[in-house]
Structures are given as structure tokens and as C-alpha cells.
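Note that ligands are numbered from 1 as they come in the structure, with each ligand's atoms numbered from 1 the same way.
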Amino acid sequence: MHQTIKNLIEIQSEIKQNIGKLGLANYHPKIIAVSKTFKIDYISNLIDFGHLHFGENKVQEASDKWKFIKEKNNSIKLHMIGKLQTNKVKQALKIFDYIHSVDSKKLAQKISNEQKNLNKKVHIFIQVNLANEAQKSGIRTDEISDLLEFCKQSNLNVLGLMCLPPFDEDSDKYFSDLKSLNDKFSLKDLSMGMSHDYLKALKYKASFLRIGSKIFGNRN
Ligand SMILES: *Cc1c(COP(=O)(O)O)cnc(C)c1O
């Protein structure tokens, strides 16, 4: 069995155990296998194993790697987890099913226009920069309400909020804050938890865990 499959199975069973310990019934988080930088030949082990959710952070790389595979297998769902430039939206919508990084009205508007043209509806997460880190994308918490309203008017299908906590801090507080915000705005899904902190995200019922290196190994 390929190492990436072993890794995924181990993560799945660990998640199941932890959910049991937390006593959360009917909670089934999805694992997005973040395959950015890895070649499709290597990723294909997990595809053949039947895994369906994959994450990429660059539009061109994702198109090159996934176009052919997705044409053959339309159960595979591709998640855009990186910064999205408005001039790449058209190409992004052709390959991605979910966009986790919506952080401006300009981007929301562009997605709205292009998805009309393509007659396709993507799933959206709004990225929140909880610690107001200068180098990170995402909106401030006091901007959520306004952007959500704009998305609603633009006919966007917003599932929930997404965050990327400061790497050198305990994620717990940030996950807790994002969960509260999600509840406050009656949103149903949460995109949070990575290789180093996905078990913590379970406590707050994250619905999409974005796990890369723990499945595929270290990126160069
Ligand atoms: C790369 C990336 C991940 C996965 O990171 P790992 O630490 O390898 O699990 C998750 N979310 C985002 C936004 C990323 O860019």
C-alpha cells in the first residue's frame, strides 16, 4: 500500500477516535488532501484509492494537474485554498468546485459574473484574518457581515468561514473564535485545521480539514 494511503487511513482513524472521545454524534468532517506542489503521478495513489477532495493553491498548477483527471472522474472535488487574483477567476471556476479564499467584494463580484457565464455554481468560504496578520489574506471580523450580505445579493453560495491561524500560536482560541462567528451568522460549514492542528479543529466541528504534509510528506 502506498505511503500516502497509509497516512490517510491513519489520519481517518485518529479523527474517528477523537470524535468518539469528544462525544460528537453525526459529525463527519471531510479531509481535503492538499496536493499543492506534488505531481499528479504521486497524487494518483489516493485518487485510485477513492479519495475525492483535493486542495490546490495555484490556478495554473491546478488546471495543468487536474483537468484530465476531472474530465474522467466527476466525483472528484477540487478546492482552491490559496489567494485568488480576480484576473484568474475565469480559469479557476473551470477547474475548482470550492473556493476557500474569498476576501473582497471585488473578488466576490467577479466570481458571481463568471459563474453565470459558465452556468456553474461554486461553493464559497470567506477567509477571515483573525489575528490581523499583515502578510495574510482574509478580511477582519468586523467586515464579515458586509461581505456576507454582498455575497448573498450576488447569488453566491457561501458555506461558511475559513481561517489560517498564526503558525506559532495555539490554534485553539482561533478555532473557537471562528466557530462563534460562524454560528453568529448562521453559517453551516467551517474550513479550518491543517497537518499540525486538525485534531484541535474537531472540537469546534470543522467540516473541512485541509491536510497536506501529513498525507503527502514535506513540500520542497
Ligand atoms: C498548504 C496549505 C494547507 C496544508 O498545509 P499542511 O501544513 O501541509 O497540512 C492548508 N491550508 C492552506 C490555506 C494552505 O495553503
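Closest to atom 5 (O) of ligand 1 among all protein heavy atoms lies Met194 CE, 3.4 Å. Nearest non-hydrogen protein atom to atom 11 (N) of ligand 1 is Arg210 NE, 2.9 Å. For atom 12 (C) of ligand 1, the closest non-hydrogen atom of the protein is Ile81 CD1, 3.5 Å. Among all protein heavy atoms, the one lying closest to atom 15 (O) of ligand 1 is Lys36 NZ, 2.7 Å. From the protein, the heavy atom lying nearest to atom 9 (O) of ligand 1 is Ser195 OG, 2.6 Å.
Ligand 1 lies nowhere less than 4.0 angstrom from a heavy atom belonging to Asn57.
Each of the following atoms of ligand 1 lies closer than 4.0 Å to a heavy atom of Ile211: 9 (O). In the vicinity of Ser213, heavy-atom distances shorter than 4.0 Å reach the ligand 1 atoms 6 (P), 7 (O), 8 (O), 9 (O).
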CA sep, side-chain torsions, deciding dist, call: Ser35, Glu56, side chain to side chain donor-acceptor pair (under 3.5 Å):
CA-CA 6 Å; Ser35 52; Glu56 294 283 343; 2.7 Å; yes
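Taking each heavy atom of Asn57 and Met80 in turn, the nearest pair found is O-CE, 3.5 Å.
Neither the backbone nor the side chain of His100 has a heavy atom within less than 4.0 Å of ligand 1. Contacts between His196 and ligand 1, counted as non-hydrogen atom pairs separated by less than 4.0 Å, are absent for every part of the residue.
Residue Lys214 places no N or O, backbone or side chain, under 3.5 Å from any N or O of ligand 1.
In summary, the aromatic rings of His2 and Phe49 are positioned with their centroids too far apart to meet the 6.0 Å limit.
Gln60 and Asp64 share a side-chain donor-acceptor pair at under 3.5 Å. Counted by atom type alone, Ser213 and Arg219 present zero donor-acceptor pairs between their side chains at under 3.5 Å. There is no side-chain donor-acceptor pair under 3.5 Å between Asn182 and Tyr204. A donor-acceptor contact under 3.5 angstrom links the side chains of Lys121 and Asn155, judged on distance only.
Residue His79 forms a ring pair (Phe, Tyr, Trp, His ring centres under 6.0 Å) with just one option from Phe96, Phe208, Phe54, and that option is Phe208.
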